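Predicted, not measured: the structure shown is a model, and the values here were computed from it. Counting begins at 1 with the first residue of the sequence. All heavy atoms count here, side chains included; hydrogens, waters and symmetry mates do not.
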Amino acid sequence: MTPTTPASVPDTAVLLVNLGTPDAPTAPAVRRYLAEFLHDHRVVALSRWLWCPILHFIILPLRGPKVAKKYAQIWMEGGSPLAVHTRDLAAAMQDRLPGLRVAWAMRYGNPSMAATVAALRADGVRRIVLLPLYPQYSTTTTASVTDVAERLAREAGDALRIDTIVDYHLDPAWIAAVADSIREHWAQHGRGERLLFSFHGIPQRLVDAGDPYRTQSQASVDAIVAALADVPGFEPAQAMLTFQSRFGREPWLQPYTDKTLEALAAQGLKRIDIVCPGFAVDCLETLEEITVENDALFRAAGGDALRYIPCLNAAPAHADALAALARRRVEENR
């Protein structure tokens, strides 16, 4: 755990939780991380007797070295971009929440939720406001975090209370922060012919079973587009919602980002702006999948420039929005 500790130690903490990352851009580290991630029944619902042999004898040996090479392309001096930006966001929020502790953890990998919560409890924390860094709720992400949180709360009994902020996909300050980041990008680089909102995909069957992720993703896009209404020449029809990072053969949420980019290039469009507001901070899926893989795909199909608008990361507006969100939850449930 790497919380930023105020001078006094309060009994309430805000805990940011992100998905997770390997400890190093190496095949063994990636295999360890993927093994934990893909063992979660929220991520892969197949029976364990069927899934585990496939995972350990086919997927991990094949994907480990390939994914490690991708991480090596984006690795930062301080570690994985996901970890670096999550840590920096926690530090920025701590500056805005002097009466609270702010810590960060990962659902998979390090620092783990269990170790972080244990350290907070050892420091006298008795209440945690849990903020999964997923603006839109999904059973594959937020619910997996709450699974662990509920287990840790049960184990602690009356000694620990955990309040979870399950989504913030329409939080006005967050919407404004994303919209402002797009405006700033356009002010510096001009505006492309389309604005793609690319979200991480999930299997279509989960949405069919009631997962609200697609509905919330669309609601976020609609709100951000509405906030951009004052941009001269921008029309809502220029914005498109797409989904990336599909895995396996079953249908995932569509339209797919990569197929959409190929289709737009085939239509003669040359400059596309792309933003990923389902990700709180930049990570492998944005820095490698979007800016390397999808950029190459778009250019190969005839496009000139796929222009990525970075995640909010530890930007002041992002830290302001999430700190205000956490502060409200603390005050609502005193």
Side-chain angles (χ1 to χ4, degrees), residues 17-20 37 42-43 81-82 85-86 107 132-145 166-171 174-175 177-179 181-182 185 192 194-228 236 238-248 250-264 272-295 297-298 306-313 318 321-322:
V17 177
N18 219 326
L19 184 77
F37 173 50
R42 294 283 192 181
V43 177
L82 182 78
H85 293 310
T86 301
R107 171 60 185 88
L133 291 176
Y134 311 119
Q136 300 78 25
Y137 177 93
S138 174
T139 54
T140 61
T141 52
T142 314
S144 181
V145 171
V166 296
D167 70 74
Y168 52 96
H169 70 287
L170 287 178
D171 177 72
W174 176 77
I175 293 293
V178 177
S181 74
I182 296 170
H185 179 87
R194 292 289 186 277
L195 174 62
L196 256 62
F197 290 85
S198 184
F199 287 75
H200 199 292
I202 63 174
Q204 178 64 47
R205 60 178 166 79
L206 297 179
V207 173
D208 294 342
D211 191 305
Y213 179 71
R214 185 190 178 94
T215 298
Q216 292 195 1
S217 297
Q218 184 67 65
S220 293
V221 170
D222 291 345
I224 296 166
V225 169
L228 294 169
Q238 296 168 351
M240 305 176 69
L241 168 63
T242 63
F243 297 92
Q244 64 182 87
S245 309
R246 64 187 182 277
F247 177 75
E250 69 174 311
W252 280 42
L253 291 180
Q254 298 185 41
Y256 299 135
T257 298
D258 54 0
K259 300 299 183 185
T260 299
L261 288 169
E262 289 178 329
L264 292 174
I272 302 296
D273 298 321
I274 188 165
V275 64
C276 299
F279 298 91
V281 302
D282 279 310
C283 56
L284 186 73
E285 286 79 7
T286 63
L287 299 176
E288 196 282 331
E289 184 180 353
I290 294 296
T291 68
V292 178
E293 291 183 28
N294 280 275
D295 177 73
L297 180 150
F298 181 61
L306 181 64
R307 307 184 312 176
Y308 174 60
I309 301 169
C311 289
L312 295 177
N313 296 320
H318 195 201
L322 297 190

Nearest heavy atoms of [X] and [Y], plus distance in Å:
X	Y	result
Tyr137	Val166	CD1-O, 3.7 Å
Ala179	Ala227	CB-CB, 3.7 Å
Cys276	Cys311	O-SG, 3.9 Å
Arg42	Ala143	CZ-CB, 3.7 Å
Ile272	Phe298	CG1-CZ, 3.4 Å
Ser245	Trp252	O-CZ3, 3.5 Å

* Decide side-chain contact (heavy atoms from CB on, under 4.5 Å) for Ile202 and Asp211; before the verdict, give the C-alpha distance in whole Å, the side-chain angles of both, and the deciding distance to 0.1 Å. => CA-CA 10 Å; Ile202 63 174; Asp211 191 305; 3.9 Å; yes

For the side chain of [X] and the backbone of [Y], is there at least one donor-acceptor N/O pair under 3.5 Å apart?
X	Y	value
Asp167	Gln136	no
Asp282	His85	no
Arg307	His185	no
Gln204	Pro251	no

Mind checking the [atom1]-[atom2] spacing from [X] to [Y]? Nearest 0.5 Å is all I need.
X	Y	atom1	atom2	result
Gln244	Thr260	CD	OG1	11.5 Å
Cys283	Glu289	SG	CD	9.0 Å
Leu287	Tyr308	CG	OH	6.0 Å
Leu196	Leu241	CG	CG	9.0 Å
Ile309	Asp273	CD1	CG	5.0 Å
Phe197	Gln218	CZ	CD	10.0 Å

* So, Thr291 and Asp295: side-chain donor and acceptor under 3.5 Å apart, yes or no? -> no

* Apply ring-ring contact (aromatic ring centres under 6.0 Å, His included) to His169 and list each qualifying residue two or more places apart in sequence or on a separate chain. =>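 Scan of His169 (ring-ring contact (aromatic ring centres under 6.0 Å, His included), adjacent residues dropped) gives none.
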
* Asked: Of all residues at least two apart in sequence or in a different chain, which pass the ring-ring contact (aromatic ring centres under 6.0 Å, His included) check with Tyr168?
  ->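 Tyr168: ring-ring contact (aromatic ring centres under 6.0 Å, His included) contacts with Trp174.
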
* **Intermediate values then yes/no, side-chain contact (heavy atoms from CB on, under 4.5 Å), Leu312 and Val281** => CA-CA 6 Å; Leu312 295 177; Val281 302; over 6 Å; no

* Show the numbers, then the answer: is there a side-chain contact (heavy atoms from CB on, under 4.5 Å) between Ile274 and Thr257? => CA-CA 10 Å; Ile274 188 165; Thr257 298; 4.0 Å; yes

* Asked: Can you say whether the rings of Tyr213 and Phe199 are parallel (under 30°), tilted (30 to 60°) or perpendicular (over 60°)?
  -> perpendicular

* Apply the test side chain to side chain donor-acceptor pair (under 3.5 Å) to residues Arg107 and Ser144: give CA-CA distance (whole Å), side-chain angles for both, the deciding distance (0.1 Å), then the verdict. => CA-CA 8 Å; Arg107 171 60 185 88; Ser144 181; 2.8 Å; yes

* **Name of the residue among Ile290, Thr242, Leu297 meeting side-chain contact (heavy atoms from CB on, under 4.5 Å) with Leu261** => Leu297

* CA sep, side-chain torsions, deciding dist, call: Thr140, His200, side-chain contact (heavy atoms from CB on, under 4.5 Å) -> CA-CA 11 Å; Thr140 61; His200 199 292; over 6 Å; no

